Amino acid sequence: MINFEKFTLENGLKVIFHKDISTPIAAINILYNVGAKDESPEKTGFAHLFEHLMFGGSVNIPDFDDALQDAGGNNNAFTNNDITNYYITIPKENIETALWLESDRMMSLAFTEKSLETQRSVVIEEYKQRYLNNPYGDVWLLLRPLAYTVHPYLWATIGKDVSHIENAVMQDVKDFFFNHYAPNNAIMCIAGDFELDYIKELTIKWFGDIEKRKIKIRNLPIEPEQTQLRTLTVERDVPASALYMAYHICKRTDYEFYATDLLSDILSNGDSSRLYQALVKENNIFSDIDAYLMGSNDEDLFVFSGKLSEGISFKKAEKLLRNEIEKIKKFDIKPEELQKIKNKTESKLIFEETEVLNKAMNLCYYELLGDASMINSESEKYLKVTAEEIKIMANKIFKDSNCSILYYKAK
């Protein structure tokens with residue numbers, strides 16, 4: 001059980017405090033409720049660009065990293081299609097340094113042309129290195145717009161096209177900041193060996209005078225139900241051909257999520273999983289095969305991805321993969337197989353709770369989903385899932401009319 005307290009500042013900043021006496025390190029996690037899905041289709045990649053810009057200096061602090069490192073702290077951030085998340089770990093006696101840094105850049109970035117040009121160059125280089133010049137790097141630039149037609153999940157976090165970042169101007173950057181980066185669009189968790197009154201005092205001191213902002217209202221298009229199979233074949237200079245099959249599934253907050261997640265684990269969690277045993281170990285159809293959820297908050301994708309073994313055709317690989325999919329749709333799951341997967345899931349959740357930073361991150365994330373207390377009920381929800389519910393989800397999801405296939409052919 002992870003205990004925590006919640007309070008909200010007058011400017012709308014939600015604050016979660018978790019007292020952790022097991023470590024002299026404090027963790028500060030700030031989740032901004034903005035991701036790539038909040039971008040204009042004509043100006044994509046801005047959430048990711050902004051993750052970089054937030055380290056480029058704020059009004060009173062020209063160098064974020066130097067000030068933090070002098071206090072013995074470490075930091076990083078990540079962006080996805082749903083959120084942008086910043087985190088710091090620091091010796092607890094220096095927690096004010098971390099709060100000073102985070103509050104200053106929440107209040108206002110420096111908005112200098114030098115910072116914009118520097119971070120623009122970094123992002124453009126990342127786009128080229130990771131997505132254009134890396135084997136299989138463009139898979140999600142191809143598969144997302146195949147599976148989605150109107151929802152902004154149809155573009156990757158890096159953006160639709162590198163030209164959107166190349167052509168970004170200062171006003172675009174300022175608009176994005178003031179539309180999304182605000183205390184009333186953020187959740188902050190502080191975890192460490194402190195008392196609640198002290199944390200309230202510090203958060204009011206450092207964040208209380210940041211003004212509430214008018215947040216851009218999120219009005220996302222709803223993805224229509226897919227009604228027919230979609231396919232795309234490309235040829236690339238890669239070591240081996242690869243097969244990707246994506247199926248639409250529920251939201252992260254839906255009850256069906258837990259059965260769907262366990263379904264993916266039964267199929268491909270570890271060397272004893274069904275797909276590995278049948279398609280890698282026994283028949284050598286794939287050199288590797290995986291089944292996973294993309295991890296999005298809105299209606300998500302269930303993805304099969306595998307690299308074909310030498311001499312294996314797409315037709316044969318797809319046929320045998322579909323055979324395994326049909327088995328889980330038709331036949332009952334053995335109790336011992338389901339229990340093994342549930343045990344793995346429970347162990348993973350427990351292990352995540354040992355690190356102070358993981359707890360801070362997860363508390364913010366579950367608060368975004370609806371309530372931070374979900375952190376204490378996740379295991380129970382997985383344990384309640386029945387074999388019949390998993391079978392029902394397999395039959396609901398794995399239909400050709402719900403499938404998008406990318407044939408990624410090696411030259």
Side-chain angles (χ1 to χ4, degrees), residues 1-20 26-35 37-38 47 50-51 54 58-59 75 77-80 82-90 92 95-109 176-219 251-253 297 353 356-378:
M1 173 70 75
I2 295 177
N3 296 310
F4 60 89
E5 303 281 350
K6 293 195 297 186
F7 57 95
T8 303
L9 301 189
E10 290 184 5
N11 58 16
L13 177 64
K14 294 180 179 179
V15 184
I16 304 168
F17 167 59
H18 166 63
K19 184 177 176 65
D20 188 334
I28 297 91
N29 190 82
I30 298 186
L31 182 157
Y32 288 93
N33 188 15
V34 56
K37 69 183 182 184
D38 297 296
F50 236 92
E51 175 201 320
M54 286 287 275
S58 52
V59 172
N75 76 103
F78 63 85
T79 313
N80 59 34
D82 296 302
I83 64 170
T84 309
N85 195 85
Y86 300 86
Y87 54 93
I88 291 174
T89 53
I90 196 166
K92 68 175 187 178
I95 187 174
E96 282 207 71
T97 299
L99 296 176
W100 164 61
L101 289 164
E102 288 290 10
S103 65
D104 205 62
R105 65 178 177 179
M106 179 185 285
M107 183 171 65
S108 183
L109 290 185
F176 195 85
F177 180 84
F178 288 108
N179 279 331
H180 301 289
Y181 277 76
N184 46 312
N185 201 38
I187 303 167
M188 178 170 69
C189 181
I190 300 173
D193 189 6
F194 307 106
E195 298 301 326
L196 177 60
D197 288 346
Y198 178 62
I199 294 301
K200 285 184 175 180
E201 178 186 319
L202 290 185
T203 53
I204 292 170
K205 174 183 177 181
W206 290 108
F207 293 88
D209 60 354
I210 301 175
E211 291 185 1
K212 182 185 291 189
R213 296 186 182 123
K214 186 177 181 180
I215 300 302
K216 186 175 181 180
I217 296 173
R218 181 179 281 160
N219 184 22
K251 296 180 180 179
R252 175 62 180 83
T253 50
N297 289 355
E353 295 174 4
V356 66
L357 178 57
N358 285 344
K359 286 186 278 190
M361 283 186 179
N362 287 337
L363 283 165
C364 285
Y365 178 64
Y366 287 123
E367 182 66 19
L368 177 72
L369 291 181
D371 192 338
S373 63
M374 289 171 64
I375 198 170
N376 293 317
S377 60
E378 287 294 274

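Because the structure is predicted, anything quoted here is derived from the model rather than measured.
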Any chance you could measure Asn75, atom CG, to Asn29, atom CG, to the nearest 0.5 Å? 11.5 Å

Rounded distance (nearest 0.5 Å) linking atom CD1 of Ile204 with atom CG of Leu9: 6.0 Å

Salt-bridged, Lys359 to Asp20, with N to O below 4.0 Å? yes

Compare all side-chain heavy atoms of Met107 with those of Ser58 and state whether any distance is below 4.5 angstrom. no

Taking the side chain as everything from C-beta on, heavy atoms only, tell me whether Leu99 gets closer than 4.5 Å to Phe207. yes

Is there side-chain contact between Tyr86 and Met106, with at least one heavy-atom pair below 4.5 Å? no

Sequence neighbours excluded and cut-off under 3.5 Å, please list the side-chain donor-acceptor pairs for residues 367-377, or say none.
from	atom 1	to	atom 2	distance (Å)
Glu367	OE1	Lys6	NZ	3.0
Glu367	OE1	Ala372	N	2.9
Glu367	OE2	Lys6	NZ	3.4
Asp371	OD1	Lys6	NZ	3.4
Asp371	OD1	Ser373	N	3.0
Asp371	OD1	Ser373	OG	3.2
Asp371	OD2	Ser373	OG	3.2
Asn376	OD1	Ile2	N	2.8
Asn376	ND2	Ile2	O	3.0
Ser377	OG	Met374	O	3.3

Restricting to non-hydrogen atoms, name the atom on Ala182 and the atom on Ile215 that form the minimum distance, rounded to 0.1 Å. CB-CD1, 3.5 Å

Output for pair (Leu31 CG, Tyr87 OH), nearest 0.5 Å, gives 13.0 Å

When you compare the side chain of Asp197 with that of Glu201, does any pair of heavy atoms fall below 4.5 Å? no

So, the side chain of Asn297 versus the backbone of Asp82: is there a donor-acceptor pair under 3.5 Å, distance only? no

What's the spacing between Cys364 SG and Asn33 CG if we round to 0.5 Å? 11.5 Å

Looking at Glu195 and Lys92, is any side-chain nitrogen of the basic one under 4.0 Å from a carboxylate oxygen of the acidic one? no

Contact between Ile95 and Tyr198 at the side-chain level, heavy atoms closer than 4.5 Å - yes or no? yes

N/O donor-acceptor pair under 3.5 Å between Arg105 side chain and Met54 backbone: yes

Whether over 12 other heavy atoms sit under 6.0 Å from Glu96 CD: yes

How far apart are the closest heavy atoms of Leu13 and Asn11, and which atoms are they? N-OD1, 3.1 Å

Working to the nearest 0.5 angstrom, can you tell me the gap between Ile83 CD1 and Lys37 NZ? 9.5 Å

Please report the shortest heavy-atom distance between Glu51 and Ala77, naming the atom on each side. OE2-O, 3.4 Å

Mind checking whether Tyr32 and Tyr181 have parallel, tilted or perpendicular rings, split at 30° and 60°? tilted

To the nearest 0.5 angstrom, please state how far the NZ atom of Lys205 sits from the CH2 atom of Trp100. 12.0 Å

Take Phe7 and Leu196, measure what side chain to side chain contact (heavy atoms under 4.5 Å, CB included) needs, and give me the verdict at the end. CA-CA 10 Å; Phe7 57 95; Leu196 177 60; 4.1 Å; yes

Tell me whether His18 contacts the main-chain N or O of Ile190 through its side chain, where contact means a donor paired with an acceptor under 3.5 Å. no

Between Asp38 (side chain only) and Gly35 (backbone N and O only), is there a donor and an acceptor less than 3.5 Å apart? yes

Check: Lys212 main-chain N/O paired with Asn184 side-chain donor or acceptor under 3.5 Å: no

Examine distances only and state if a side-chain atom of Lys19 and a backbone atom of Asp193 form a donor-acceptor pair shorter than 3.5 Å. no

Quick one: are Thr79 and Phe50 in side-chain contact, heavy atoms under 4.5 Å? no

